[in-house]
Undergrad: 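If you scroll down you'll find the structure; I have some questions about it.
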Amino acid sequence: MARVLIVDDIADNTQLLKFELEDDGHEVFSLDNGQACLDSVADVNPDVILLDIMMPVLDGMSTLRELKGRTATRDIPVIMISANDVDEQIINALDMGAHDYVNKPFVYPILAARMRSALRLQESQRLLALANQSLAKLASQDPLTGVYNRRYFFDRAASEFSASKRHERSMGLIMLDVDNFKALNDKYGHTMGDTALAQLCHTAGQLIRAGDFIGRMGGEEFAICCPETDLPGIQSMAERIRRTIEKQSICYGELSCCMTVSLGVTHNLESDTHFEQLYERADQLLYQAKEQGRNRVIAA
């Protein structure tokens with residue numbers, strides 16, 4: 001059942017309505033003016049508000065306007081209740097965002113039906129928001145490792161690069177590749193390989209800062225974008241990641257193995273005009289790390 005907040009200055013009306021709602025299994029709270037509603041709505045956290053129009057201190061229309069103007073309360077359905085059946089007032093309330101309008105003296109089954117309608121709409125909106133969040137996650141996230149996918153990483157990194165150029169700030173980039181990953185897969189199986197990649201991203205995620213972000217470029221290759229980081233800072237971070245991964249064991253069932261990574265590290269130069277230049281330079285440095293024996297950081 002729902003949490004219902006009644007805001008009405010007529011105690012007899014409130015008490016009668018409260019009895020009816022509680023008989024239907026709702027949890028009911030009551031206040032006698034609009035200001036008290038605004039002061040207490042965060043604590044009550046109602047699923048629906050039954051709001052009288054004519055009240056002392058702060059009337060219902062002003063209260064509605066404030067509720068719909070606040071981010072935290074704008075989505076709470078509000079049903080206006082009043083003995084004053086004025087068309088213009090009804091129109092204004094609905095235009096302002098009220099879900100519905102009931103006249104006094106009301107017929108409780110009708111009010112209850114309109115409450116159910118408001119709650120169904122609220123639930124539909126909640127489910128839609130969750131669905132949109134899931135779609136956004138699917139569009140931006142690599143399903144195995146939980147880091148950004150290649151497309152979203154490039155979009156966000158390009159935006160960060162533009163900001164760094166505009167504000168004349170440094171930006172670092174790490175390219176990371178698992179050494180001899182095919183051999184790991186061949187020896188231990190793809191499930192162990194997947195476990196290794198997921199663990200790598202978890203480890204790297206714990207070692208980077210809040211504003212940094214990781215993307216999977218494909219296979220066992222990853223990129224880490226570090227806004228507002230100079231070359232010594234990004235090189236130090238890359239070395240911490242390399243050392244930490246080198247010391248870890250990857251376990252799946254009774255199987256256990258280790259892995260190492262090679263990293264190419266760079267930062268934005270004054271001559272860079274787009275993010276792809278930074279990416280290509282880091283990729284070349286990663287290639288050099290591989291050529292020079294793997295399990296190392298090459299920075300420039």
Side-chain angles (χ1 to χ4, degrees), residues 133-134 136-154 156-157 172-227 229 231-267 278-300:
Q133 289 175 9
S134 297
K137 187 175 181 180
L138 288 172
S140 65
Q141 192 177 69
D142 173 58
L144 172 64
T145 62
V147 301
Y148 290 144
N149 60 33
R150 180 186 178 94
R151 179 175 179 179
Y152 190 85
F153 178 89
F154 264 85
R156 184 171 171 189
L173 181 68
I174 300 172
M175 291 295 297
L176 180 155
D177 189 83
V178 180
D179 298 326
N180 301 311
F181 186 69
K182 184 179 184 303
L184 186 152
N185 265 337
D186 291 344
K187 183 175 180 179
Y188 297 99
H190 289 281
T191 303
M192 176 66 93
D194 289 349
T195 301
L197 295 181
Q199 182 171 314
L200 181 155
C201 289
H202 176 74
T203 298
Q206 291 184 315
L207 295 173
I208 63 177
R209 304 165 308 167
D212 305 332
F213 53 95
I214 307 173
R216 187 179 183 187
M217 300 298 98
E220 66 273 20
E221 187 174 78
F222 298 85
I224 305 173
C225 181
C226 302
T229 310
L231 187 59
I234 193 76
Q235 185 174 2
S236 176
M237 179 187 295
E239 187 59 37
R240 285 197 303 275
I241 292 171
R242 186 198 66 78
R243 287 198 307 267
T244 304
I245 291 171
E246 180 184 36
K247 295 174 183 177
Q248 288 182 334
S249 294
I250 302 103
C251 300
Y252 180 76
E254 297 181 356
L255 298 175
S256 177
C257 68
C258 297
M259 66 177 168
T260 63
V261 294
S262 299
L263 306 98
V265 175
T266 191
H267 69 131
L278 197 66
Y279 182 86
E280 291 167 7
R281 190 162 59 250
D283 197 43
Q284 286 297 315
L285 293 166
L286 170 61
Y287 179 78
Q288 291 178 31
K290 293 282 191 182
E291 287 289 298
Q292 294 180 26
R294 299 185 174 87
N295 190 23
R296 65 191 62 227
V297 175
I298 301 294

Undergrad: Looking only at heavy atoms, what is the nearest atom pair of Asn185 and Gly193, with distance?
TA: OD1-CA, 3.3 Å
Undergrad: Are there more than 12 heavy atoms of other residues, nucleotides or ligands under 6.0 Å from atom OH of Tyr252?
TA: no
Undergrad: Just verifying a value: how many Å separate Glu280 CD and Met175 CE, rounded to the nearest 0.5 Å?
TA: 10.5 Å
Undergrad: For the atom pair CD1 (Ile214) and CZ (Phe222), what is the distance rounded to the nearest 0.5 Å?
TA: 8.5 Å
Undergrad: How far apart are the C-alpha atoms of Val265 and Leu231, what are their side-chain angles, what is the distance that settles it, and do they pass the side chain to side chain contact (heavy atoms under 4.5 Å, CB included) test?
TA: CA-CA 8 Å; Val265 175; Leu231 187 59; 4.1 Å; yes
Undergrad: To the nearest 0.5 Å, tell me how far Lys247 NZ sits from Cys258 SG.
TA: 12.5 Å
Undergrad: Tell me whether Thr195 contacts the main-chain N or O of Thr191 through its side chain, where contact means a donor paired with an acceptor under 3.5 Å.
TA: yes
Undergrad: Is any side-chain heavy atom of Met237 closer than 4.5 Å to one of Cys226?
TA: yes
Undergrad: Using modelled atom types and a 3.5 Å cut-off, is there a donor and acceptor pairing between side-chain atoms of Gln284 and backbone atoms of Gly264?
TA: no
Undergrad: What I'd like to find out is whether the side chain of Ile224 reaches to under 4.5 Å of the side chain of Ile241, using heavy atoms alone.
TA: yes
Undergrad: Going by ring-ring contact (aromatic ring centres under 6.0 Å, His included), name the residues that satisfy it together with Tyr148, two or more places apart in sequence or in a different chain.
TA: Tyr152, Phe213
Undergrad: Quick one, Asp186 with Leu184, criterion side chain to side chain contact (heavy atoms under 4.5 Å, CB included). Give me CA distance, side-chain angles, the key distance, then yes/no.
TA: CA-CA 6 Å; Asp186 291 344; Leu184 186 152; over 6 Å; no
Undergrad: Is Ser236 reaching over with its side chain to a backbone N or O of Gly233, donor-acceptor style, under 3.5 angstrom?
TA: no
Undergrad: Would you name the heavy atoms of Leu255 and Tyr188 that are closest together and state the gap between them?
TA: CD1-O, 3.8 Å
Undergrad: Would you check if there is a donor-acceptor pair between the side chains of Ser262 and Asp179 at a distance under 3.5 Å?
TA: yes
Undergrad: Is the number of heavy atoms from other residues, nucleotides or ligands under 6.0 Å of Tyr287 OH greater than 12?
TA: no
Undergrad: Give a yes or no answer on whether the side chain of Arg209 reaches the backbone of Pro227 with a donor-acceptor pair at less than 3.5 Å.
TA: yes
Undergrad: Under a plain distance cut-off of 3.5 Å, with no hydrogens placed, do Glu246 and Asn295 share a side-chain donor-acceptor pair?
TA: yes
Undergrad: Got a sec, which pairs hit salt bridge (Lys or Arg N to Asp or Glu O under 4.0 Å) with one end in residues 214-224, sequence neighbours left out?
TA: Asp142-Arg216
Undergrad: Any non-hydrogen side-chain atom of Leu173 less than 4.5 Å from a side-chain atom of His267?
TA: no
Undergrad: Could you tell me which non-hydrogen atom of Arg150 sits nearest to which non-hydrogen atom of Met217, and how far apart they are?
TA: NH1-O, 3.3 Å
Undergrad: Indicate the atoms forming the closest heavy-atom contact of Met259 with Ala196, along with that distance.
TA: CE-O, 3.3 Å
Undergrad: Quick check for you: to the nearest 0.5 Å, what is the distance between Thr260 atom OG1 and Gln248 atom CD?
TA: 12.5 Å
Undergrad: Between Arg151 and Ser140, is there a side-chain donor-acceptor contact under 3.5 Å, judged purely by atom types and distance?
TA: no
Undergrad: Arg281 side chain to Tyr279 main-chain N or O, any donor-acceptor pair under 3.5 Å?
TA: no
Undergrad: Take Ile234 and Ile174, measure what side chain to side chain contact (heavy atoms under 4.5 Å, CB included) needs, and give me the verdict at the end.
TA: CA-CA 8 Å; Ile234 193 76; Ile174 300 172; 3.6 Å; yes
Undergrad: For Thr266 and Ala300, work out which heavy atoms get closest and say how close.
TA: OG1-O, 2.8 Å
Undergrad: Are Arg240 and Thr244 linked by a side-chain donor-acceptor pair shorter than 3.5 Å?
TA: no
Undergrad: Can you tell me if Asn149 uses its side chain to pair, donor with acceptor, with the backbone of Ala139 under 3.5 Å?
TA: yes
Undergrad: Minimum heavy-atom separation for Gln199 to Ser249, with atom names?
TA: NE2-O, 3.1 Å
Undergrad: Would Leu286 and Ile298 satisfy side chain to side chain contact (heavy atoms under 4.5 Å, CB included), going step by step from the backbone distance to the final call?
TA: CA-CA 7 Å; Leu286 170 61; Ile298 301 294; over 6 Å; no
Undergrad: Any chance you could measure Leu207, atom CG, to Glu239, atom CD, to the nearest 0.5 Å?
TA: 12.0 Å
Undergrad: Between CG of Leu263 and CD1 of Ile245, what distance do you get to the nearest 0.5 Å?
TA: 7.0 Å
